[in-house]
Amino acid sequence: MPMKKFINAPENLTVELLEGFAEAYKKQVKLEGKTVVRATPKSDDKVALVTLGGAGHEPALSGCVGQGSLDASVVGDIFAAPGAPAVVAALEATKRDAGTLLIILNHAGDVLSGEKAFNKAVKAGINVQKILTHEDISAGKDAPLEDRRGLVGCVVLYKIAGAAAEAGKSLDEVVAIAERFNENMRTLIVGAVPATHPANGASLGELADDEMEVGMGQHGEGGGGVMKLASADETARIMLDKILNTMEVNSGDKLFVMINGCGATTLMEQCIVLRAVKNLLEAKGIELVRSMVGEFLTVQEMGGFQMCVAKMDDELIALFDAPCDTPAYTVK
Amino acid sequence: MPMKKFINAPENLTVELLEGFAEAYKKQVKLEGKTVVRATPKSDDKVALVTLGGAGHEPALSGCVGQGSLDASVVGDIFAAPGAPAVVAALEATKRDAGTLLIILNHAGDVLSGEKAFNKAVKAGINVQKILTHEDISAGKDAPLEDRRGLVGCVVLYKIAGAAAEAGKSLDEVVAIAERFNENMRTLIVGAVPATHPANGASLGELADDEMEVGMGQHGEGGGGVMKLASADETARIMLDKILNTMEVNSGDKLFVMINGCGATTLMEQCIVLRAVKNLLEAKGIELVRSMVGEFLTVQEMGGFQMCVAKMDDELIALFDAPCDTPAYTVK
Amino acid sequence: MTTGLDYDGLASVFRAAAANVRSGVDRLCELDCATGDGDHGVAMGRAMDALEKGIDQCSTTSIQTMLEGVAESVESIDAGSTGPLMGSLMEGIAESVGDATRIDTRLLATIFEAGLDELLVISKAKVGDKTMVDALIPAVEALKVAAAGGESVADALAKAADAAEAGAEKTKQFQARFGRARNLGERSIGHQDPGATSMAMFFRGMAEGAASRENS
Amino acid sequence: MTTGLDYDGLASVFRAAAANVRSGVDRLCELDCATGDGDHGVAMGRAMDALEKGIDQCSTTSIQTMLEGVAESVESIDAGSTGPLMGSLMEGIAESVGDATRIDTRLLATIFEAGLDELLVISKAKVGDKTMVDALIPAVEALKVAAAGGESVADALAKAADAAEAGAEKTKQFQARFGRARNLGERSIGHQDPGATSMAMFFRGMAEGAASRENS
Ligand SMILES: Nc1ncnc2c1ncn2[C@@H]1O[C@H](COP(=O)(O)OP(=O)(O)O)[C@@H](O)[C@H]1O
Ligand SMILES: Nc1ncnc2c1ncn2[C@@H]1O[C@H](COP(=O)(O)OP(=O)(O)O)[C@@H](O)[C@H]1O
Ligand SMILES: [Mg+2]
Ligand SMILES: [Mg+2]
Ligand SMILES: [Mg+2]
Ligand SMILES: [Mg+2]
């Protein structure tokens, strides 16, 4: 089947997307080359947050640029990390005494570019620290780091670290908070309908008409368990159980839960899943203290969702509640 | 192909969806029966805004409830208007001296229920006025009212009228502003991939693998022109031309443009389309003064988008820019 | 032979109508798929459930109270066009029945005419517009003729059902001017209107209910 | 027979490598479809474009300046893993070439070894991990042996290409430990690694370029 997407020449996808994105959200962001930065930069005495990653996951990652979250998102190409020089340039541009936190998602290309850029920035005397998100638990709790991919949890981490930076915390403090949330969070993806690569029409993954995969990679790389399609309640239970099995959660604990639609799965379904999660947690005496539902990190028109769960403490909750103003998420 | 949706028993769809929705957005909204109302009601001296409509279009219509927009959204069932009594009850509940504006979208069931409820409310002595949105131009500029359906423009009208109400304007003033925007706006839908009815798995509409329909109805009722799939730039040009043909727009005028994804069409594509619109307008010397891009009113996982264009004046722009806090759209 | 329907008689005739409509839910959805959004069977099924709920929940033996309850219940369903239309029909019927304890053919014609009038307040459809009105108007006409001729309720309803079915059949030739089918324009010609079809089934069910009562 | 490659010779050998890799873009994408995300051909195509752009844009006749430009250009592509890996390889080469005006077999072995070392700083892969390193390490070894044996640049590169191809072939037996293929676990066995394959094509192209220069 031919691709049914509204695009122009595939080689211009990323640039055209970014131009339209910057126009649509010009109150919040602007474009510098292929790097999305805040329309109104943060003051120099506050820690800057920089991230990098491929396009095709809109609104993420660039949708998290804005007041109370990221300062810069260095964009590569569709599903492809940017080269290190662009990341170094972004770190140069946001350079400040307060320091910069570089947030890297655990995907091969992102890590290679990110680490390379980090090393160069350090050599160039920039005050920068880095953090690697790796909350995918599809490979199990004790899987080696390489198997724990960075998924949608980064969106929440940006927001929490961003709020800490906005509050004037030092780089070390921002890093400590980001690391705490990073260690607290877990994500699992269920896929039901594979996406289409927008540049060449290739189908990303394969699933039979009655199958879903719990633990599917972000781009359908697989690695999870293929099973028969289940109801919303049953799917929520399977995923929540797997996630809670990797955490120490006790009655009375407070959990954040995000249901992130991958593209074609409707907000209707996401809400029905959140309801199921709430009921399951309630039965265990665990408080669903905050939640996010919607499309934050998509994979084109993939059917499925990511469930991200994190243990919260009062400081993390306060940072989560702090105002922010980004294309993907605004808190008044 | 079996339906690949994460749902439970189809007969519980709407109720479960609303429960999850109210949980996800509890800072902004709460549930009263099947009516979504503001978590913190507006003060009594301000005009209230009430709307009604079927579910399955999330985040709309209930996603527009909150500060600076709607006060209540009376929800029916999937794609089915609520009965009149629930609408009357919502009008009773929001009753106030300042008065209430009932906003009805031009769809058979909504109009029948809405008018009936309106008549009963008037008989019961409630100070209420009504407005009918009907911005679909797929049937042509001079088509009878019945052919001009109410599409995504309602989302913007809620926001503008809501800002006027929040500013303390009288009911007559709010109605006048809403009517002005209502007359100014035009919408056209292009469909490429039909949606699946979530309760029964039926496909809503039919399109060949290389076809799209410009002027497709909100639920695939059809009535537009089926044509070969076109590029983003070409599709934008076709739709914008059709829309501008029904308006009096001159060089120097200021236009609002919304690109609303129907479900499966990605934000990437929506941004690319907005870019195309901006370039087309620029060539005509028309200013793209404000825009909205994203999924505001969806039809499940339908592929396609709505293009809504409205001529703006300074007052409408200021009202559009005013703060609001709703699940679907927040302005800080 | 008793003349007309008492409280129980009216209730059982309505239940028979509900049963007959319910037997056609799938067919009604299929008809609505062709010209609308495929849910008319679901909507009518809900309307019939609501109708019976209205009867079940009536705690008096007053026909008027029962009909008011039915009207309110039918009106309250969330079912697109069908709720307000069928709700208005039942409202008009309830408002015009007065304190009657027995409904003869003359009163039957009167209350259905009042129901039709109430429906037309919101419907705005005329005969030939390819809506449920295309079945309802001939059915009401038939009731009036039967009342003038002094026929029994069962006979009157049988003739109303015949007329409604003929009206529904004719909608195939029409181009839709209301509801979702309208947007199809000429493409709607050739398809039978789901609303007219369910209206005919409603009358056929009432007729069968009345006949089996008279024969029992 | 000249000993080694001067500025133009090196440029033409690199261009031949780029041409050879480009001829395999579709095959590389197919290989990456099996174990990754299907874009390695696109990524290597971009890397080769960048390599040639680096050569084109060099305005001096200094080999070092040309190589630095190539490294910067390759590193700058937005192409997932390939950009940083190929970029590091070229960086190591550029940094170790010094002010040489001619590259003999010994220097060739030295700079490729430095390139490998630079790549390994970020790669962390070992032989047997099913990556481009499985082709690159044997190729560099072959260059070193050839240098010790006093062979010509063309002969050395031919042997390096043979070794790289053998290394790429062997990746079929391995389970992936890096890149996207890693998540496939045992399912990755049986498939040839795209990165190792493109690396072998790169050496084969260089060898052919050097041979045709020697014969001309
Ligand atoms: N204005 C109207 N007057 C009379 N009948 C109407 C009108 N609009 C729609 N109908 C009837 O309603 C039927 C469709 O009902 P239904 O499918 O339940 O509603 P919806 O169109 O909201 O999905 C049509 O077949 C037609 O008979
Ligand atoms: N850490 C690594 N070290 C060496 N080579 C690697 C590493 N990670 C990936 N590769 C190579 O990269 C190739 C995939 O390249 P490419 O498809 O361009 O990148 P991506 O995985 O980002 O899509 C793999 O076949 C492998 O040879
Ligand atoms: Mg890739
Ligand atoms: Mg309907
Ligand atoms: Mg219908
Ligand atoms: Mg790849």
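Letters go in sequence order (proteins before strands), and every chain restarts at 1.
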For residues 166-174 of chain C, tabulate all N or O donor-acceptor pairs below 3.5 Å that involve a side-chain atom, not counting sequence neighbours.
unit_1   : atom_1 : unit_2   : atom_2 : d
C:Glu169 : OE2    : C:Lys172 : NZ     : 3.1
C:Thr171 : OG1    : C:Ala168 : O      : 2.5
C:Thr171 : OG1    : C:Asp193 : N      : 3.0

- Message: Please give me the minimum heavy-atom distance between B:Val75 and C:Asp78, naming the atom from each residue.
- Response: O-OD2, 4.0 Å
- Under a 4.5 Å cut-off applied to non-hydrogen side-chain atoms, are C:Glu75 and B:Lys120 in contact? yes
- For the student: nearest non-hydrogen atoms of C:Ser81 and B:Ala108, plus distance: OG-CB, 3.4 Å
- Message: Does C:Arg46 form a salt bridge (charged side-chain N to carboxylate O under 4.0 Å, His left out) with B:Glu11? I'd like the steps, not just the answer.
- Response: CA-CA 11 Å; C:Arg46 260 185 223 162; B:Glu11 57 274 23; over 6 Å; no
- Atom group of C:Thr82 that falls short of 4.5 Å from chain B, counting heavy atoms: neither
- Task: Among the options C:Glu72, C:Arg177, C:Glu91, pick out the one with the most heavy-atom pairs lying under 4.5 Å from chain B.
- Result: C:Glu91
- Task: Could you check which of C:Gly87, C:Gly83, C:Cys29, C:Ser76 has the highest count of heavy-atom pairs closer than 4.5 Å to chain B?
- Result: C:Ser76
- Message: For the CZ atom on C:Arg22, are there more than 12 heavy atoms of other groups (residues, nucleotides or ligands in this structure) within a distance under 6.0 Å?
- Response: yes
Hey, can you pull the donor-acceptor pairs under 3.5 Å for the side chains in residues 80-87 of chain B, sequence neighbours left out?
none

- Task: Look up atom OG in B:Ser113 and atom CD1 in C:Ile122, then write down how far apart they are to the nearest 0.5 Å.
- Result: 7.5 Å
- Message: Looking at B:Lys34, I'd like to know if its NZ atom is crowded, meaning that more than 12 non-hydrogen atoms belonging to other residues, nucleotides or ligands lie closer than 6.0 Å.
- Response: yes
- Message: Taking side chain as everything from C-beta outward and backbone as N, CA, C, O, which of these in B:Glu146 sits under 4.5 Å from a heavy atom of chain C? Side chain, backbone, both or neither.
- Response: both
